[in-house]
Amino acid sequence: MRFSKFGLTTLRDMPADAEIVSHQLMLRAGLIRRLGSGLFTWMPLGLRVVRKVEAIVREEMNRAGALELLMPAVQPAELWRESGRWDKYGHLLLRMQDRHEREYCFGPTHEEVITDIARRELRSYKQLPINFYQIQTKFRDEIRPRFGVMRAREFSMKDAYSFHVDQASLEEGYQVMHEAYTAIFQRLDLGFRVVDADSGEIGGSRSQEFHVLADSGEDAIAWCDEDNFASNVETARTLQPDGEPAKASLELKKIDTPKVRTITELTALLKVGAEQTLKTLIVEGDNGPVALILRGDHELNAIKAGKLPGVSQPLTMADPASIRKATGCNPGFIGPIGLEIPVFFDHATRLMADFVCGANEADKHLTGVNFGRDLDSPDTVDIRNVVAGDPTPGGNGTLSIARGIEVGHIFQLGTMYSEKMGASIQDEAGKNVTMPMGCYGIGITRIVGAAIEQNHDDRGIIWPEPLTPFDLVLIPINMHRSDKLRDAAETLYAELTEAGLDVLFDDRDTRPGVKFADAELIGIPHRLVISERGLEAGELEYRHRRNDDSRMMKRDDVLNLLTGSTLS
RNA sequence: CGGGGUGUAGCUCAGCCUGGUAGAGCACUGUCUUCGGGAGGCAGGGGCCGGAAGUUCAAAUCUUCUCACCCCGACCA
């Protein structure tokens, strides 16, 4: 491709409303342009990368025996009513009507459609297991689209759905997808980690996420190599600590703490660590408010807490009015002593002694509080997020926390859709069975953003070779003033292309510095400079995007190097 | 949804407070010089100042309404 014919405009200034590097670089390098909130056009350069991702995903899915199909992006409401999600899916669902006022949605996912296909097409266990996939545009009306292509509303996703005779077959199919996904992310050359994930409202089902590791990731991952453990912090369990609390050494005292409403303010006033305090959160329950009690420095885990008996799901914080009604005082001064509502203590509170908590009285806190003496030692539950240093659930190591971008999710759905929508087949015994299902997603466009988050420097993108829009960029120096150089450059361009390389030939009549800067911004891994001075010596200048220095090479050596490295 | 902010040239922004009829840098066109790390000169093209209504002799500027976009929050006890 000739740069002059590629319609590429790079931006020197950073676009004002891009917060994270990948978004900034994608705009500056001309990969994408924004159309509206959470809506992006993939420009020719960016689309090349998308196509690379798609190709790898397709190859590995096909290799794993999955069958590609393409379902409509627009789906009739009736299907969603059948599954019960028309009302449940909420605001994420973009709803619309046609001229007859029939209702539709723009598909955020395709379980309903595929289950409809399955119940029509599949009759016999002999057709199973079967795995259908597609690469489709989805729309989810995110509360707050941001981070460019990473949390867009319209995006491209590979989604696959498998159907089985029984649970054993589902587990096998799931394992096959686990392996296919691992192969995909390895081939994409991205640093990633597989973690256990929340299985949502369908209990017992297995679910794992694939995360590209990056500091800007929206998800926190807890992991421990010694214990071979990795989980989204949403689901990582905490253990009840062994041992007994330390002996009480302080008197119980009620102190004035006017206007102290947060743990931060409390610790600043009392000069104690947050781990010496208790915080009491009031959430909505099935029969009125429920209190959840955590150590001051810990965070509530809404998913775990939502599963407690009597607690409303999804977890909802009680409003101030009902808190006052239930506890007799305002948020900020609530504590466990004398509370009349159901109370759950987190495991980590069990060993606390001489701690601080709210007094259930305006502008007062209690200090020197101890279990056994001032209140009963509680049974404790797991309701907080794990933190770095916590023991692993297996108990053989300690957890580290990393940040990741969720790019893949595999899930044993079970029969929740096939049951509701009547997708069944006859088994070997001639008996009707509802098919257990699996579903498996990969965020195609999100991967592009994630790859940049993981691979860039202050000059621009550094494409992993499997994703790069061009294998190499060919930069002639002052070609427009030397016919000899022009001929040599044109010949070389033809040769490289002939050798099967995807070459970006920067034939623009512009200064070398501009070409270098653009080449680095758009992140092409290999750079070849051809100049008069090198021409005389019969040499070309080669440099890799990750290296700061270049070397002079003979044309044949360059060809060998490049064809070798792209084949490997 | 709540709070905050911003809409002026393709991009980044100034001008607005204190109304007088629109600017800079980058990008773009032509031209000359320059030519191995985002060159310089000269000459150009491009904006009904997000939209509507109002105040005024006069509105990018003041007022009201509206639309769009962005940020923060929705773990706070």
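Reminder, nothing fancy here: chain letters follow the sequence lines and each chain counts from 1.
A distance of about 11 Å separates the C1' atoms of G47(B) and G23(B), rounded to the whole Å. A gap of 10 Å separates the C1' atoms of G45(B) and G30(B), to the nearest Å. For the C1' atoms, the distance from A39(B) to G25(B) is 15 Å, rounded to whole Å. Remark: the separation of the P atoms in G15(B) and A52(B) is 24 Å, to the nearest Å.
One donor-acceptor pair, N or O on each side, does fall under 3.5 Å between the base of G37(B) and the side chain of R543(A). Counting distance only, with no hydrogens placed and no angle test, the side-chain atoms of R527(A) and the base atoms of G37(B) include a donor-acceptor pair under 3.5 Å. Between the side chain of D13(A) and the base of G25(B) there is at least one donor-acceptor pair of N/O atoms closer than 3.5 Å. Within 3.5 Å, a donor on the side chain of R511(A) pairs with an acceptor on the base of U34(B), or the reverse.
Per the geometry, CG belonging to D346(A) stands 15 Å off P belonging to A77(B), to the nearest Å. What separates CD of Q24(A) from P of C11(B) is a distance of 17 Å, to the nearest Å. One atom, CE of M14(A), and another, P of C70(B), lie 15 Å apart when rounded to the nearest Å.
Using bins of under 30°, 30° to 60° and over 60° for the plane-to-plane angle, the ring pair W80(A)/Y89(A) lands in the perpendicular bin.
Projected onto RNA chain B by closest heavy-atom contact, M552(A) and P15(A) fall at different nucleotides, the more 5' of which corresponds to P15(A).
The residues R543(A) and E520(A) are annotated as salt-bridged, a charged nitrogen and a carboxylate oxygen being separated by less than 4.0 angstrom. Checked for salt-bridge contact, D507(A) and K5(A) miss the test: no charged N lies under 4.0 Å from a carboxylate O.
When the side-chain nitrogen and oxygen atoms of T510(A) are compared with OP1 and OP2 of G38(B), none of them lie within a distance under 4.0 Å. Considering only side-chain N and O atoms, R533(A) lies nowhere under 4.0 angstrom from the phosphate OP1 or OP2 of G36(B).
If you check every strand for non-hydrogen atoms under 4.0 Å, I475(A) touches nothing.
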>> If you apply the rule side-chain contact (heavy atoms from CB on, under 4.5 Å), what do you find for R295(A) with D346(A), and how did you get there?
In response: CA-CA 8 Å; R295(A) 218 169 74 183; D346(A) 181 69; 6.0 Å; no
